[in-house]
Structure formats: structure tokens, C-alpha cells
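As C-alpha cells, the structure follows; a few thoughts come after it.
What you see below is based on every heavy atom in this structure, not just the backbone, and it leaves out hydrogens, waters and symmetry mates.
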Amino acid sequence: MSLTNPILCLFEITDPNLIVTGISKERCSTNQRIHVVHATLSYQLLKCPHCGHKSLIKNGTHMSHLRLGTLSGGRYEMHLKRQRYQCKDCSKTCGAKTKLVNRNETFTHNIKHQVIVLARDMLTSKEIAKLCGISPSSVQRILNANIHLAYRVKHLPENLCFDEFRSCNHWMSFNCCDAVSHRRIVTLKDRLSKDIIDYFEARFSVQERAQVQSVTIDMNAEYGSFIHRLFPNAATIIDRFHIIQLAGRALDNERTQTIRTIQDKHSRIYHILKSQWRLFHLDEIVKGTRKM
């Protein structure tokens with residue numbers, strides 16, 4: 001009992017129903033040393049949370065393995081014995097609750113706070129995971145759960161850019177940004193036309209969307225089918241990068257088809273078409289300068 005308060009204060013735990021029964025060192029399946037704090041959670045529960053009757057009896061304990069914040073870069077856990085209760089009237093069971101951790105979770109609020117503080121110092125997920133003694137995927141889940149995106153921007157810019165990118169698990173996501181300042185307007189988890197239309201129509205009025213003057217897109221025909229519906233006064237502009245990219249791919253296809261028709265693999269023409277393919281992508285001015 002004499003060690004209870006100092007240990008709880010060390011981990012910034014303020015639950016008065018927690019009692020520390022001991023401290024030990026163990027090793028997990030990966031042969032990593034774990035500092036374990038053994039504790040119990042018990043209090044007098046007056047009413048059944050299911051039926052409201054005062055007919056509760058103690059019904060054993062349930063062991064929970066909680067992850068605590070790190071003190072010196074190691075891994076700290078709490079093996080918590082939670083008191084279980086059973087109602088004589090409805091025969092349903094319930095357990096003791098604590099504010100130390102959310103329901104059905106193992107990471108305490110203390111370690112989540114440490115992850116967020118380290119992320120503010122611009123550390124990578126692997127570095128944070130090494131300092132906190134957790135996995136990089138757990139760090140990413142904690143950060144994603146605590147990131148609250150704005151409902152919408154205050155004002156729509158006059159020039160927008162639409163594009164998609166590969167986000168995760170080979171899924172394509174939608175991204176919209178300001179064409180002048182490159183400031184992000186919104187990032188959606190998919191690129192479905194229905195979701196894009198619902199986002200802009202639900203968050204921006206017709207008057208706000210009518211102020212958009214241009215929307216720059218790639219050669220995705222789906223974007224062109226609903227741009228005029230969302231932004232009635234906007235002009236649709238095809239990005240020059242995608243046009244140049246399409247022309248470059250067409251040129252490379254013709255070059256490879258020509259190479260396959262050449263029988264002499266040691267000829268000068270075959271060597272130029274095979275290894276000097278960058279020359280065909282140079283600008284005309286650069287070509288003229290090199291000839292001179």
C-alpha cells in the first residue's frame with residue numbers, strides 16, 4: 001500500500017479505485033523486457049446498470065493488459081484485475097470501469113498523449129514507436145484518431161485543381177486544392193463522383209460555387225461530367241502535364257513498335273532507338289541548339 005501513490009503519480013494515474021499490488025519484469029514473445037505494474041480495480045457498485053436493481057454480487061475478476069506511457073524508452077504495462085459483478089434479478093454481468101483507458105482498448109490516455117507530443121516535434125512514426133515501445137502502425141492509428149479535419153474551408157478559391165492519388169491498399173483517393181496557392185481544400189477517401197458531388201453540394205451554397213472561375217483536371221472523363229453542375233460559371237482546363245505525358249507515351253509506343261521491325265540488332269538506327277530514347281523527349285529548341 002505504501003508504494004501505491006508514488007507509482008500512480010509516476011504514471012499520472014488519478015483513479016482512486018486503483019490499488020498497486022506489485023511490480024515485476026517479464027519478457028514477451030519477442031524476447032523484449034517488459035516492466036509490469038500489477039494492480040486491482042474494485043469499488044462498491046450500488047445499482048445494476050442493466051435493470052437498476054440493488055441486487056449485485058461480486059462475480060470474480062477479469063484480467064486486462066494495458067499499455068502505459070514509457071519512462072525510459074522501455075515497454076511498460078499494467079496487468080489490471082477488474083472486479084466483475086452479477087445481478088441476481090436479471091442475471092446479467094458487468095465490470096468495474098476506469099477513466100484510465102477507453103472501453104475495449106489497451107492503450108491508456110497517458111501513452112496516447114506521449115505519441116501526440118512527440119508527433120508535434122516532427123518525429124517519424126518509427127521514431128515515435130521506438131521511444132514509446134509500440135508499433136509504428138499503432139502510432140499511426142493514435143494520430144489518425146486524434147486528427148480532426150475542418151468541416152470546410154471558409155471561402156472557395158476562384159481556381160481549383162482536381163486530381164486523384166493512390167492512398168493505401170491500392171485505393172485511389174480524391175484531392176482538391178487551390179490552383180494558385182496550392183492550399184489543400186479537401187481530401188476524400190475515394191474518387192467516386194457521388195461522394196465528390198455530395199461533399200461540395202452539402203457544404204457550399206450555389207452562390208459560393210458560382211464564384212469559381214476554373215477547374216483544372218486531368219483527362220478523367222468523370223470529372224468533366226459533373227463540374228458544370230457543381231460550378232456553373234467555371235471553365236474546365238486540361239492540365240498540360242497530362243497532355244505532355246500522353247504524347248510522350250504515344251511516342252514511346254511508336255518507337256518500340258519501330259524497334260521490333262528492325263532485324264539488324266547491331267545497326268546504328270537500332271542502337272539510337274534503343275538506348276538514346278531520351279533524345280526524342282527533348283524540346284525542339286534544345287535539339288536545335290545541340291545541332292548547331
Side-chain angles (χ1 to χ4, degrees), residues 7-15 18 23-39 63-80 82 97-154 161-178 181-192 195-196 199 203 218 241:
I7 293 176
L8 296 181
C9 293
L10 190 63
F11 290 99
E12 298 181 356
I13 299 175
T14 58
D15 194 337
L18 276 174
I23 302 176
S24 64
K25 293 183 180 179
E26 301 179 1
R27 291 188 178 274
C28 61
S29 58
T30 59
N31 203 24
Q32 181 183 4
R33 180 181 293 180
I34 305 175
H35 302 270
V36 181
V37 178
H38 301 273
M63 179 66 72
S64 299
H65 299 270
L66 308 181
R67 297 295 298 272
L68 299 173
T70 180
L71 298 178
S72 59
R75 177 173 172 177
Y76 291 82
E77 291 187 0
M78 175 179 283
H79 292 182
L80 182 62
R82 301 192 185 198
K97 299 180 181 179
T98 176
K99 296 181 179 180
L100 178 64
V101 64
N102 294 333
R103 184 180 179 183
N104 298 328
E105 292 186 3
T106 58
F107 290 103
T108 60
H109 300 301
N110 181 270
I111 193 171
K112 292 180 180 179
H113 178 69
Q114 287 188 352
V115 170
I116 296 174
V117 171
L118 293 174
R120 291 173 180 172
D121 295 334
M122 304 302 293
L123 297 179
T124 63
S125 298
K126 290 185 178 181
E127 293 174 345
I128 297 175
K130 186 176 181 180
L131 293 174
C132 296
I134 59 179
S135 63
S137 59
S138 298
V139 173
Q140 198 62 46
R141 285 196 300 269
I142 294 173
L143 294 178
N144 292 337
N146 289 273
I147 294 176
H148 304 286
L149 299 178
Y151 180 74
R152 47 156 284 181
V153 295
K154 293 183 179 180
C161 287
F162 284 5
D163 202 358
E164 63 272 356
F165 64 96
R166 192 178 302 277
S167 54
C168 60
N169 296 330
H170 304 286
W171 287 97
M172 299 297 292
S173 300
F174 171 78
N175 182 50
C176 175
C177 66
D178 189 344
S181 63
H182 304 288
R183 182 172 58 93
R184 184 183 63 86
I185 304 300
V186 63
T187 300
L188 302 180
K189 63 180 180 180
D190 54 51
R191 57 174 179 176
L192 298 178
D195 295 336
I196 300 174
Y199 175 83
R203 289 166 174 79
D218 55 9
F241 168 77

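Interatomic distance, Phe241 CZ to Asp163 CG, rounded to the nearest 0.5 Å: 9.0 Å.
Within the 4.5 Å cutoff, no side-chain heavy atoms of His35 are placed close to those of Leu68. In this structure, Ile185 and Arg183 have side chains that are in contact, with non-hydrogen atoms separated by less than 4.5 Å. Residues Gln114 and Val117 fail the side-chain proximity criterion, which asks for heavy atoms closer than 4.5 Å. Inter-residue side-chain proximity for Asn110 and Ile13 is flagged as unmet; no heavy-atom pair is nearer than 4.5 Å. Side-chain contact between His65 and Val36 is absent, with no heavy-atom pair separated by less than 4.5 Å. Between Ile196 and Asp190 the shortest side-chain heavy-atom distance does not fall below 4.5 Å. Using a 4.5 Å heavy-atom threshold, the side chains of Leu143 and Val115 count as touching.
Using modelled atom types, no side-chain atom of Asp195 and backbone atom of Arg191 make a donor-acceptor pair closer than 3.5 Å. Remark: the backbone N or O of Met63 is not paired with any side-chain donor or acceptor of Arg82 at under 3.5 angstrom.
Scored by the ring-ring contact (aromatic ring centres under 6.0 Å, His included) test, His113 finds no partners at all (sequence neighbours excluded). Under the rule for a side chain to side chain donor-acceptor pair (under 3.5 Å), Asn104 has no partner lying at least two apart in sequence or in another chain. Remark: Gln140 engages Ser125, Asn144 in a side-chain contact (heavy atoms from CB on, under 4.5 Å) (not counting sequence neighbours). Residues forming a side chain to side chain donor-acceptor pair (under 3.5 Å) with Ser181 (at least two apart in sequence, or on another chain): Asp178. Partners of His109 according to the side chain to side chain donor-acceptor pair (under 3.5 Å) rule, which considers only residues two or more places apart in sequence or in another chain, are Asn102. Qualifying side chain to side chain donor-acceptor pair (under 3.5 Å) partners for Thr106, counting only residues two or more places apart in sequence or in other chains: none.
Using a cut-off of 4.0 Å between Lys/Arg side-chain N and Asp/Glu carboxylate O, Arg75 and Glu77 are scored as salt-bridged.
Closest of all the heavy-atom pairs between Val101 and Glu105 is CG2-O, 3.3 Å. Across all their heavy atoms, Ala129 and Ser135 have their closest contact at CB-C, 3.6 Å. Closest approach of Ile142 and Ile134 over heavy atoms only: CD1-CD1, 4.3 Å. In this structure, His38 and Ser24 approach most closely via the heavy-atom pair NE2-OG, 2.8 Å.
A cation-pi arrangement is absent between Arg67 and Tyr76, since the terminal nitrogen or guanidinium carbon is not both under 6.0 Å from the aromatic centre and inside a 45° cone about the axis.
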